[in-house]
Amino acid sequence: MNLATKSMISLLLCLCVTSALFVGCSSKEKTTATDQQLQNYSELTETESFPVKLKLDKEYIIQSKPRRLAVLSADLVQALEDIGAANLISSVSNDAPATASTSGAKQCGSVLDPNLEQIITNKTDWVLVSSQMRRSQIEQLKQEGIGVITFSRPADINEIKLRYRQLFSLCYGLEGATKSEEFLNAYQSKLDEIIQPAADYAKLGQRKSVIYLAKPDYTLATGETFEGKLMYQMGMHNIGELGSRWNYPELERKALTPEVIFYDKLLPIEAITESEIYKDSPAVQSEQLIPIDFSAVRLQGMPMLEELSKMATAVYPQAYGL
């Protein structure tokens, strides 16, 4: 074999090896690119519902789905339980309702006296409150990268619905809109079943006079209170509307002649039946004294609806076929 032939064969072998290396590298690059696309797609599907903007008294940007919430207000614990998100609570207020699914959460005090060390150690994403924390505490949490979201306490049913929508957005991002509509449709349907028959029945005749008594003799739900508004919606005449902020004017005590008394179930009934103000009232004489779980109503969650049903059927049983 002459020199020219050998050179030609060597050149061809080099070309073949180079081609093989090029194809191998190209294939590897394509595989890497495909893997990266799959990884990016996976990340996208996990976070596509976020970020979302939460509009309260101020705006909050929720960048990703919360995993660990510290909830310092019992009413927010109840609301999260209602929407199926109590499992996100890692730190919980000391006064949280016992029925909430927070057994794995650590107690972290209250809005007035929070355990900031506990909240920080728990690597909390957000702290939720329904009354103001001290600014110094908010700043301390902020330095640890933990934001505080302050919700307003609902003044009526519409504001309760708004808070549910806000919590759905916080916990589920863009998917929260659909979830909240489904939840609120069922909520409104249940509420209508409770309130509407009583309201309609009251229109047919004289409204019954009632009071919502926290403790004798003059601490009762007044007209502007949440509870006072609910009784009005159910077609009841709340005698306590004459007062303000749970204080009934003693000068008007002669007008305290309710036909029905709703009272805090923690009160001994004797405190009413032996009261100089109420012992001769139509409610006591006809034994229309109805114990109510004031805590359930105050928390404004789903357990509240059961108490409203008890109130409506006690005042207007005929409206419910009783």
Side-chain angles (χ1 to χ4, degrees), residues 73-76 78-79 81-82 97 99 130-131 151-165 167 183-215 218-248 255-256 258-267 272 283 288-320 322:
S73 299
D75 58 308
L76 291 174
Q78 181 62 62
E81 170 73 11
D82 294 343
T99 53
S130 60
S131 56
F151 290 81
S152 299
R153 281 302 299 264
D156 54 38
I157 293 295
N158 286 333
E159 290 187 8
I160 289 178
K161 293 180 185 179
L162 176 59
R163 185 177 64 178
Y164 277 131
R165 289 192 181 93
L167 289 171
F183 175 86
L184 290 174
N185 285 340
Y187 179 89
Q188 186 61 54
S189 178
K190 179 66 175 176
L191 196 62
D192 288 342
E193 290 177 7
I194 294 169
I195 291 180
Q196 206 57 50
D200 291 342
Y201 187 86
K203 292 176 183 177
L204 300 177
Q206 187 175 2
R207 294 184 301 159
K208 281 194 176 181
S209 60
V210 304
I211 62 170
Y212 190 89
L213 187 67
K215 60 180 183 180
Y218 305 111
T219 305
L220 43 89
T222 49
E224 82 284 5
T225 63
F226 173 74
E227 291 80 0
K229 293 175 183 177
L230 287 176
M231 290 189 288
Y232 177 81
Q233 284 184 260
M234 290 186 284
M236 304 172 192
H237 171 48
N238 175 26
I239 296 176
E241 65 186 1
L242 292 174
S244 176
R245 297 184 179 181
W246 290 87
N247 293 311
Y248 185 87
L256 287 175
E259 296 172 89
V260 179
I261 296 177
F262 303 118
Y263 68 97
D264 189 339
K265 69 176 186 178
L266 299 179
L267 281 176
I272 303 172
Q288 287 296 293
L289 307 178
I290 314 299
I292 298 297
D293 185 346
F294 272 33
S295 176
V297 179
R298 185 177 67 255
L299 294 179
Q300 301 177 321
M302 294 302 291
M304 174 187 72
L305 300 187
E306 182 178 342
E307 300 306 307
L308 296 185
S309 178
K310 186 188 302 183
M311 293 168 66
T313 55
V315 175
Y316 301 120
Q318 303 92 333
Y320 302 89
L322 301 177

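Numbers here are sequence positions counted from 1. Computed from a predicted model, the values in this text were never measured in an experiment.
Using modelled atom types, no side-chain atom of Asn238 and backbone atom of Gly228 make a donor-acceptor pair closer than 3.5 Å. Side-chain N or O atoms of Thr222 include one that pairs as donor or acceptor with a backbone N or O of Trp246 at under 3.5 Å.
Aromatic ring centroids of Tyr320 and Tyr201 lie 6.0 Å or more apart.
Separating the CG atom in Leu267 from the CZ atom in Phe294 is a distance of 7.5 Å, to the nearest 0.5 Å. Taking CG of Leu266 as the start and CG of Asp293 as the end, the distance is 7.5 Å to the nearest 0.5 Å. The NZ atom of Lys208 sits 13.5 Å away from atom CE of Met234, with the distance rounded to the nearest 0.5 Å. Between Leu308 atom CG and Glu227 atom CD the span is 9.5 Å, to the nearest 0.5 Å. To the nearest 0.5 angstrom, Glu259 atom CD is 4.0 Å from Ser209 atom OG. For the atom pair Leu191 CG and Leu184 CG, the distance stands at 11.0 Å (nearest 0.5 Å).
When the shell of 6.0 Å around CD of Glu306 is examined, it contains 12 or fewer heavy atoms from other residues, nucleotides or ligands. Environment of OH in Tyr187: crowded, with over 12 heavy atoms of neighbouring residues, nucleotides or ligands closer than 6.0 Å.
The side-chain heavy atoms of Leu167 and Phe151, taken from C-beta on, include a pair separated by under 4.5 Å. Inter-residue side-chain proximity for Gln233 and Ile157 is flagged as met; some heavy-atom pair is nearer than 4.5 Å. For the pair Arg163 and Gln300, the minimum side-chain heavy-atom distance is below 4.5 Å. No side-chain heavy atom of Tyr212 sits under 4.5 Å from any side-chain heavy atom of Leu230. The shortest side-chain heavy-atom distance between Arg165 and Phe183 does not fall under the 4.5 Å cut-off. The closest side-chain heavy-atom distance from Phe226 to Arg153 is not below 4.5 Å. No side-chain heavy atom of Glu81 sits less than 4.5 Å from a side-chain heavy atom of Thr99. Ser244 has its side chain within reach of Glu224: a pair of non-hydrogen atoms, C-beta onward, lies under 4.5 Å apart.
For the pair Ala296 and Glu307, the tightest heavy-atom approach, listed with the atom from each and the gap, is CB-CG, 4.0 Å. Considering all non-hydrogen atoms of both residues, Ser130 and Ser73 come closest at N-OG, 2.9 Å. Taking both residues in full, the closest heavy atoms of Ala314 and Gln288 are given as O-OE1, 3.7 Å, listed atom of the first, atom of the second, then distance. Of all heavy-atom pairs between Ala283 and Ile261, the closest is CB-CG1, 3.6 Å. When all heavy atoms are compared, the tightest approach of Ile211 to Gly240 is CG2-N, 4.3 Å. Pairing each heavy atom of Ala74 with each of Pro97, the nearest pair is O-CD, 3.8 Å.
By the 30° and 60° cut-offs, the orientation of the rings of Tyr218 relative to Tyr248 is parallel.
For the 3.5 Å distance criterion, the side chains of Asp192 and Gln196 fail to qualify, holding no donor opposite an acceptor.
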List the steps and the verdict of side-chain contact (heavy atoms from CB on, under 4.5 Å) for Arg207 and Tyr316. CA-CA 9 Å; Arg207 294 184 301 159; Tyr316 301 120; 3.8 Å; yes

